[in-house]
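First comes the structure, then the notes that go with it.
Every chain is numbered from 1 and lettered A, B, ... according to where its sequence line falls, protein lines coming before strand lines.
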Protein chains: 2
Amino acid sequence: MSDLLERLRGRGWRLTAQRRVVAEVLNGDHVHYTADEVHAKAAELLPEISRATVYNTLGELVSLGEIMEVSTDGRAKRYDPNAHHAHQHLVCSQCGTIRDVHPTGDLLAVLPAEERFGFQVAAVEVTYRGMCPNCSAA
Amino acid sequence: MSDLLERLRGRGWRLTAQRRVVAEVLNGDHVHYTADEVHAKAAELLPEISRATVYNTLGELVSLGEIMEVSTDGRAKRYDPNAHHAHQHLVCSQCGTIRDVHPTGDLLAVLPAEERFGFQVAAVEVTYRGMCPNCSAA
DNA sequence: ATCTTGACTTAGACATTGTCTAATGTAAGA
DNA sequence: TCTTACATTAGACAATGTCTAAGTCAAGAT
């Protein structure tokens, strides 16, 4: 993630303070913040950053394939910096905690040709749902 | 779907005109309307029906397991009356068309125990994405 | 058949999430 | 240092969903 800014500069991005702090906030594994969470955390580092800039920057990072958009709850979209390693998500039905997980096998292969209706199927998103250890205990 | 109202009455539901038309709108296969689409179609049958009632009724039907909530685009949730037959969704990346599909095998089994992090995994939702025949042709 | 009552519906305010615009600011090459 | 195209800002606006208080009505009781 640290070379993200370099990659982006190579693509013609201007390296502004705002884009730096958004990248900083998204640094790390198992990060699944909403846009407004990103904005709140970015504002701790750069108080005058606006919501619009955060939304713009997240949208651009998604277009560039640097982060993934995840919507596991039908509410706010979340942003997952772990976009360079294929993975799926495991979500707690109670508290909403999200874990990155790695199912085995070819998830596309289990959809038979006669169930494709002429689509050119390109991608699969899987959400596993269940109770996390914390919520099970409570 | 026609005996849906009977089932609901058995559960203590009052059979109001509003609930009848919502059930009527959701009748059929391959139906994936948003709440506001349901409201618009219901209002053709019962002009004075309010948005709140449609939202309430849809929420109740979801709680009762009679319909499924689907959010394939991070925008409005869609409601799928085909809740009694396990299935997944195939979505056109271009036009958003949704098809019900039936992958083979056990979708839960491909998540190894060491990738479950102590969760009691109960359900899987899969979204296949690709281009539909219409959009491919265009 | 009518009455009664608690569940249901309504309009519209409000909340959340996301998008857009016009004015201003600034990174980076000249 | 200057220039300028790109980026940022505040806030209006849009889309979707939730909530409340007042009125309505389905269905059991009489």
Side-chain angles (χ1 to χ4, degrees), chain A residues 4-25 32-43 45-64 66-80 96, chain B residues 4-25 32-43 45-64 66-80 96:
Chain A
L4 167 61
L5 293 172
E6 282 313 307
R7 270 206 304 285
L8 294 176
R9 201 165 56 155
R11 300 220 208 189
W13 260 37
R14 282 203 191 160
L15 292 194
T16 65
Q18 291 81 353
R19 286 169 170 179
R20 278 179 216 277
V21 300
V22 169
E24 173 67 22
V25 167
H32 300 97
Y33 295 140
T34 65
D36 276 346
E37 284 168 355
V38 173
H39 178 238
K41 288 171 193 297
L45 303 170
L46 184 69
E48 68 275 24
I49 193 171
S50 73
R51 270 181 5 111
T53 293
V54 171
Y55 275 91
N56 287 341
T57 303
L58 291 171
E60 290 156 0
L61 289 170
V62 169
S63 296
L64 294 175
E66 296 289 347
I67 64 178
M68 281 177 52
E69 227 172 45
V70 180
S71 44
T72 52
D73 64 351
R75 318 232 348 178
K77 292 174 190 162
R78 292 177 174 275
Y79 293 90
D80 184 337
Chain B
L4 167 61
L5 292 171
E6 283 312 307
R7 271 207 303 286
L8 295 175
R9 200 163 58 151
R11 302 218 206 190
W13 260 37
R14 284 203 190 161
L15 290 195
T16 65
Q18 290 83 354
R19 286 169 171 179
R20 278 179 218 277
V21 298
V22 169
E24 173 66 22
V25 167
H32 300 98
Y33 294 141
T34 65
D36 276 345
E37 284 168 355
V38 172
H39 178 238
K41 288 170 193 297
L45 303 170
L46 185 67
E48 69 274 25
I49 193 172
S50 73
R51 269 178 10 108
T53 292
V54 171
Y55 275 90
N56 286 342
T57 304
L58 290 172
E60 290 156 359
L61 289 170
V62 170
S63 296
L64 294 175
E66 296 289 347
I67 64 178
M68 281 178 50
E69 226 171 46
V70 180
S71 43
T72 52
D73 64 352
R75 316 225 1 168
K77 293 174 191 164
R78 292 178 174 276
Y79 294 90
D80 185 337

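- Atom OG1 of B:Thr34 and atom CZ of B:Arg75 lie 10.5 Å apart (nearest 0.5 Å).
- Whole-Å rounding puts the A:Tyr79 OH to C:dT17 P distance at 12 Å.
- In this structure, the nucleotide among D:dT16, D:dT8, C:dT9 sitting nearest to the side chain of B:Arg75 is D:dT16.
- Put simply, A:Tyr55 has a side-chain N or O that comes within less than 4.0 Å of OP1 or OP2 on C:dG18.
- The CG atom of B:Leu58 sits 14 Å away from the P atom of D:dT16 (whole-angstrom rounding).
- At least one side-chain nitrogen or oxygen of B:Gln18 sits closer than 4.0 Å to the OP1 or OP2 atom of C:dT10.
- For DNA chain C, none of the residues of residues 35-42 of chain B falls under the heavy-atom distance limit of 4.0 Å.
- Phosphate contact (OP1/OP2 of D:dT9, side-chain N/O of A:Thr53, threshold under 4.0 Å): present.
- For residues 49-61 of chain B, the salt bridge (Lys or Arg N to Asp or Glu O under 4.0 Å) pairs, not counting sequence neighbours, are B:Arg19-B:Glu60, B:Asp36-B:Arg51.
- Atom CG in B:Leu46 sits about 16 Å away from atom P in C:dC8, given to the nearest Å.
- The ring pair (Phe, Tyr, Trp, His ring centres under 6.0 Å) check on B:His32 picks up B:His89, with sequence neighbours excluded.
- Atom CZ in A:Arg11 sits roughly 18 Å away from atom C1' in D:dC6 (whole-Å rounding).
- Judged by atom type and distance alone, A:Arg51 reaches the base of C:dG18 through a side-chain donor-acceptor pair under 3.5 Å.
- Partner B:Gln18 forms a side-chain contact (heavy atoms from CB on, under 4.5 Å) with one of B:Val54, B:Thr57, B:Thr53 and no other, that one being B:Thr53.
- For B:Leu45, the side-chain contact (heavy atoms from CB on, under 4.5 Å) partners are B:Val21, B:Glu24, B:Val25, not counting sequence neighbours.
- For the side-chain contact (heavy atoms from CB on, under 4.5 Å) test, residues two or more places apart in sequence or in another chain that qualify with B:Leu64 are B:Leu8, B:Arg11, B:Trp13, B:Glu66.
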Exercise. Can you give one letter per nucleotide of nucleotides 19-30 of chain D, going 5' to 3': B for a protein heavy atom under 4.0 Å from the base, S for sugar-phosphate only, - for none?
Worked result: B-----BBS---

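- Across the protein-nucleic acid pair, B:Tyr33 atom OH and D:dT16 atom C1' stand 19 Å apart, rounded to whole Å.
- Listed here is the closest heavy atom pair of B:Leu5 and B:Ala23: CD2-CB, 4.1 Å.
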